[in-house]
Amino acid sequence: MPDGRYENDMQITLEQIHGLLYQGEALEVPAEDLKKIENCHQFLAQFAQEKIIYGINTGFGPMAQWRVEDEYLEALQYNIIRSHSTGAGAPLADEYVKAAMVARLGSFVQSKSGIHVEAVLLLQSFINKNIFPFIPEHGSVGASGDLVQLAHIALCMIGEGKVHYRGEWKPTSEVMEAEGLKPLSIHIREGLSATNGTSVMTGIGAVNQLHAENLLRWAIVSGVWMNEIAESYDDSISEPLNRCRRHYGQQYVAEQMRQIAATSKCLKKREHALYDHGHKDVKVFTDKVQAYYSLRCLPQILGPIHETLENARRVIEEELNAASDNPIVDPEAGNVFHGGNFHGDYISLEEDKVKIALVRLTMTAERQLNYLFHDRINGILPPFLNMGTLGLNYGMQACQFTATSTTAESQTLAMPNYVHSIPNNNDNQDIVSMGTNSALLCKHVIENAYQVMTILMMALAQATDCLQMRGRLSNTTGELYDALRALTPTILEDTPFYEDIEKVKRYLMTL
């Protein structure tokens, strides 16, 4: 089956997004792609003569039934940018804005927008010079794409609005002048092309994906560490057991856990502890014959999360390299096609799935934390990992309140947003994706997941100290213990935790 891709030299990957956002890499559109973009623009200029084409000589949305006279065509393009800059709420952080601009550039590079190459080069400059347009969180229904939030980017491209530049909010015109940039000119349909598409939800989704994959890696490592502390039997991650379940995600997680656990001196062999002796005289076993589900079933719990993230990665990378506006200008076919490539259902559904998967990851971490804190459950650790005087000191008791309340909030946020379409725009947009809302809710769940994972990691380090077992940990979990202890000390006396939680969270969030 054909994959529907057009040939172009520039392909944006999540690895490239990571490099642009966190490693100071620059982006440059290949010369051959710039030539294709210019050819598409020239084709549209010729094709549009004496034809009615949406958004070029008609109004927008339900106003498309009104023809716009030639003398007002330039004003038409400015009007959609200015009139749709209506977002509200907190501004998106720089990394999400940059990812959204990269996604918009990825759409332009498909050479199906008819946009002038000037717009592409200006957007490239914004990305490389770290000029971040003001984009409010709220405004998109995700159907004609991210009209409102993309309008805020376009507003800055025409030299209006404000941008975040070198840590300050400044007038766009001032920053552009300082950087030697000229505001975008209107040629044919620059206003509509710049505002119409799925780039903001895709940009947020791309950042979410990087963090979601990072959280899964931490969940796998912490899962091994949990089982080390509990001195679990290792057959729950064995190859024969997990292979017969067939699911490749489960097998992947089990394999990752086996690799980490290979150097551990903590996990027990069932065949030695329970199979080699008859144990006829034992009526009640001191050690648990099987660990709790939050320890024993990690391949089965984290496996579907891995598969969910793997599919989300595919969808996001496809959207990063897709023409997502309307109409589609196709010089090869010699036509301009009207349709709905701006509809955000792909991203909306995937972000809901990622969100649900990460809520499950958070719930698992919270239950593991409860195991560590609950002395009557684990049977080997003091209550709340309290290494002080019981009754006088409280250990990590109150940290559980934060983890539990944060998990509860995420459980509420797990409700899918994809199913919450509300018709609007005079019912022109009669079914919408709410894709940007889905991506923003997923972002919130990711932030919550890091908070719970942070407290779990701090508890694992404290439990390791309680049992004095650092020397028995695997290489991977031992190195993580050392990294955590370089950030926070062993807890002996009662102390405020909030600054330590923030330090460890920043460490875990480093991509």
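Values in this document were obtained by computation on a predicted structure and should not be read as measured data. FYI, the numbering just counts along the sequence from 1.
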- Rounded to the nearest 0.5 Å, what's the gap from OG1 on Thr436 to CG on Asp146? Could you check? 3.5 Å
- Show your reasoning for whether side chain to side chain contact (heavy atoms under 4.5 Å, CB included) applies to Val175 and Phe132. CA-CA 11 Å; Val175 173; Phe132 305 114; over 6 Å; no
- Query: Salt bridge or not for Glu447 and Lys443, using N-O below 4.0 Å?
  - Reply: yes
- Start with the C-alpha gap between Glu310 and Arg314, add the side-chain angles, then the distance that decides, and say whether salt bridge (Lys or Arg N to Asp or Glu O under 4.0 Å) holds. CA-CA 7 Å; Glu310 190 174 81; Arg314 176 187 62 80; over 6 Å; no
- Query: Hey, is Glu502 close enough to Lys505 for a salt bridge, meaning N to O under 4.0 Å?
  - Reply: yes
- Taking the side chain as every heavy atom from C-beta outward, state whether Pro133 and His152 have any pair of such atoms under 4.5 Å apart. no
- Message: Tell me whether Glu317 is salt-bridged to Arg313, with the criterion being a basic N under 4.0 Å from an acidic carboxylate O.
- Response: yes
- Task: Walk me through it: do Thr362 and Asn448 pass the test side chain to side chain contact (heavy atoms under 4.5 Å, CB included)?
- Result: CA-CA 8 Å; Thr362 305; Asn448 286 356; 5.6 Å; no
- Item | Intermediate values then yes/no, side chain to side chain contact (heavy atoms under 4.5 Å, CB included), Asp500 and Leu487 | CA-CA 7 Å; Asp500 286 344; Leu487 295 170; over 6 Å; no
- Side chain proximity check, Glu160 to Thr172, heavy atoms < 4.5 angstrom: no
- Message: Main chain of Ser294, side chain of Gln368: is a donor-acceptor contact present, judged purely on distance under 3.5 Å?
- Response: yes
- Message: Quick check for you: to the nearest 0.5 Å, what is the distance between Thr402 atom OG1 and Glu366 atom CD?
- Response: 11.5 Å
- For the pair Ser185 and Glu190, evaluate side chain to side chain donor-acceptor pair (under 3.5 Å) and give the outcome as yes or no after the intermediate values. CA-CA 8 Å; Ser185 302; Glu190 279 64 36; over 6 Å; no
- Message: Checking side-chain polar atoms at under 3.5 Å, does Glu319 have a donor or acceptor matched by the opposite partner on Thr202?
- Response: no
- Item | Worked verdict on Ser193 versus Ser113 for side chain to side chain donor-acceptor pair (under 3.5 Å) | CA-CA 6 Å; Ser193 293; Ser113 295; 4.8 Å; no
- Message: So does Ala219 get a backbone contact from the side chain of Ser222, meaning a donor-acceptor N/O pair under 3.5 Å?
- Response: yes
- Does the side chain to side chain contact (heavy atoms under 4.5 Å, CB included) test come out yes or no for Arg217 and Val221, once each step is laid out? CA-CA 6 Å; Arg217 286 190 291 269; Val221 174; 5.7 Å; no
- Task: Any chance you could measure Met226, atom CE, to Leu295, atom CG, to the nearest 0.5 Å?
- Result: 4.0 Å
- Message: Nearest 0.5 angstrom please: Ile316 CD1 to Asn208 CG, how far?
- Response: 7.5 Å
- Query: Does a side-chain N-to-carboxylate-O contact under 4.0 Å join Lys355 and Glu351?
  - Reply: no
- Query: Between Glu332 and Lys112, is there a side-chain N and carboxylate O pair less than 4.0 Å apart?
  - Reply: yes
- Message: I'd like to know if the side chain of Ser107 and the backbone of Ser324 have a donor-acceptor N/O pair within less than 3.5 Å.
- Response: yes
- Which of parallel (below 30°), tilted (30 to 60°) and perpendicular (above 60°) describes Trp218 and Tyr507? tilted
- Message: Walk me through whether Arg258 and Glu255 qualify under salt bridge (Lys or Arg N to Asp or Glu O under 4.0 Å).
- Response: CA-CA 5 Å; Arg258 287 196 300 274; Glu255 170 62 22; 2.6 Å; yes
- Task: Fit a plane to each ring of His116 and His187, take the angle between them on a 0 to 90° scale, and name the class: parallel (under 30°), tilted (30 to 60°) or perpendicular (over 60°).
- Result: parallel
- Can a salt bridge be assigned to the pair Lys98 and Glu95 using a cut-off of 4.0 Å between side-chain N and carboxylate O? no
- Can you list the residues that meet the side-chain contact (heavy atoms from CB on, under 4.5 Å) rule with Phe342, with sequence neighbours excluded? Ser144, Asn196, Asn326
- Message: Rounded to the nearest 0.5 Å, what separates atom CD1 in Ile153 from atom CE in Met101?
- Response: 6.5 Å
- Query: Does a donor on one side chain sit under 3.5 Å from an acceptor on the other, for Ser125 and Glu179?
  - Reply: no
- Query: Of all residues at least two apart in sequence or in a different chain, which pass the side-chain contact (heavy atoms from CB on, under 4.5 Å) check with Asp345?
  - Reply: His343, Tyr418, Ser433
- How many angstroms lie between atom OG of Ser199 and atom CZ of Phe108, to the nearest 0.5 angstrom? 7.0 Å
